[in-house]
Amino acid sequence: MRTARLRVFRPVPAPVGTPEGTPRQSHSVHATTGGSVLSREQIQIKTPQQVRLMRRAGLVVADIHAALREAVRAGITTAELDAVSAGVIEAAGAHSNFLGYYDYPATVCISVNDEVVHGIPGERVLTDGDLVTFDCGAYILDDDGTQWHGDAAFTAVVGGTYRSETDRLVDTTTREALWAAIAAVARAAAGEGSGRELRLNAVGDAVEAVVADVAEREGLELGILQEYVGHGIGTSMHMAPDVLNYSVKRRGPRLRPGMVLAIEPMLTAGSPATRELDDGWTVVTQDGSHAAQWEHTVAIVPGGVWVLTAPDGGAEGLAPYGIEPKALG
Ligand code: MF3
Ligand code: CO
């Protein structure tokens, strides 16, 4: 998903139950019509039963992640990895929310090294040390034919050894930023804190704090993407609100049970400026610096969060913050 300052470059969310793949009227939609933190577009509030349906989708996405981690190695093509993802989705009886999304041609986005997001799988052969982001998604249908979506991303290094210390730092910091943001949302759900700590601002503030900490500790300034943001998710993949990875003055909506957010920090090891390749999708850094992205679909439940795309609901990722996920069972 993308946004630029106050302009929101993303499609208008489909109404509940509408199939994906509505034609791309325009690549950009103004915030006043497209919905964002700056608009009053309603945030879909899920019932506990709907959150359980989204957990099913989330676990399919977790299965895709596990299969890709297993399959990724030097010599494999990104198209072969897309086939792995497609196979998991099909075996689960789920559906791809990426394939056909504004004509996107695959079930996964695979972004290598200086590619940040939306890399299209193809004949590219991965080699040891490549820093690769896999962004995966799936939806399931409930008995009424309504779609319930999951969306999650991880970065991995092919062969297990980073090519540089910078690659290691951009990856580990992005992962830490994700969990710090999820922990901040969990604390808000538990009613801890005040003011913007109880609002959507908690996400961007947490990401910025982690990035500032690394800059101080390691002397490495990482770039936070501003043109691409996280999003609400539910009966379609991209819904209100936009989930910014940076701090803004304006007060975001109050975090409350029933909201489900795709939190997805994207960091570069240099300038956050990006450009889109001629394929109309692949986003690369302008300065050639490498990038990472980590994402989970996170449900806010009474008193905490349930990380729907993590098999353990977020237990391991939240443990360093002294927080336990609250599964609805
Ligand atoms: N998960 C991606 C995001 O939130 C969506 C990818 S859509 C696709 O930005 F069409 F590129 F697959
Ligand atoms: Co997403």
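Numbering of ligands and ligand atoms starts at 1, following listing order. The structure presented is a predicted model; accordingly, all values stated were derived computationally and were not measured. When a residue number appears, it is its place in the shown sequence, counting from 1.
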- Select one of side chain, backbone, both or neither to describe which atoms of Cys109 lie under 4.0 Å from any atom of ligand 1, heavy atoms only. side chain
- Task: Go through the steps to decide whether Asp128 and Arg163 satisfy the test salt bridge (Lys or Arg N to Asp or Glu O under 4.0 Å), and finish with yes or no.
- Result: CA-CA 8 Å; Asp128 279 328; Arg163 212 168 272 158; over 6 Å; no
- Message: Side chains of His238 and Asp151: any donor to acceptor distance under 3.5 Å?
- Response: no
- Can you tell which of Val84, Ile110, Val132 makes a side chain to side chain contact (heavy atoms under 4.5 Å, CB included) with Leu68?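 Filter result, single survivor: Val84.
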- Item | Atom pair OG1/NE2 of Thr155 and His290 - distance to nearest 0.5 Å |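 Here the interatomic distance stands at 12.0 Å.
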Going by the order shown, which atoms of ligand 1 are within less than 4.0 Å of some heavy atom of [X]?
X      : answer
Trp281 : 10 (F), 11 (F)
His231 : 4 (O)
Asp151 : 1 (N), 4 (O)
Phe98  : 1 (N), 6 (C), 10 (F), 12 (F)

- For Gly137, is the nearest heavy atom under 4.0 Å from an atom of ligand 1?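 It does not; every heavy atom stays at 4.0 Å or beyond.
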- Message: I want to know if ligand 1 touches Tyr104 in the polar sense, i.e. an N/O pair below 3.5 angstrom.
- Response: no
- Message: Checking the N or O distance criterion of under 3.5 Å, is ligand 1 in contact with Tyr101?
- Response: no
- With rounding to 10 degrees, Asp151 OD2, the Co ion (ligand 2) and Glu264 OE2 define an angle of 170°
- Scan for side-chain hydrogen bond (donor to acceptor under 3.5 Å, both in side chains) pairs involving residues 71-88, sequence neighbours excluded, and state none if there are none.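 For residues 71-88, and leaving out neighbouring residues, the side-chain hydrogen bond (donor to acceptor under 3.5 Å, both in side chains) pairs sorted by first residue read Thr77-Glu80, Asp82-Thr107, Ser85-Thr107.
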- Who gets closest to atom 2 (C) of ligand 1 by heavy atom: Val283, Thr107, Asp135, Val117? Asp135
- Ignoring hydrogens and angles, tell me if any N or O in the side chain of Asn97 forms a donor-acceptor pair with the backbone of Met237 under 3.5 Å. no
- Task: Take Asp213 and Arg217 through the salt bridge (Lys or Arg N to Asp or Glu O under 4.0 Å) test and state the conclusion after the steps.
- Result: CA-CA 6 Å; Asp213 194 49; Arg217 215 172 56 219; 2.8 Å; yes
- Has Glu295 got an N/O/S atom less than 2.8 Å from the Co ion (ligand 2)? yes
- Message: Would you say the Co ion (ligand 2) has His231 as a near neighbour, meaning an N/O/S atom of that residue under 2.8 Å away?
- Response: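 A backbone or side-chain N, O or S atom of His231 is under 2.8 Å from the Co ion (ligand 2).
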- For this output row, return yes or no: ring centroids of Tyr104 and His118 closer than 6.0 angstrom. no
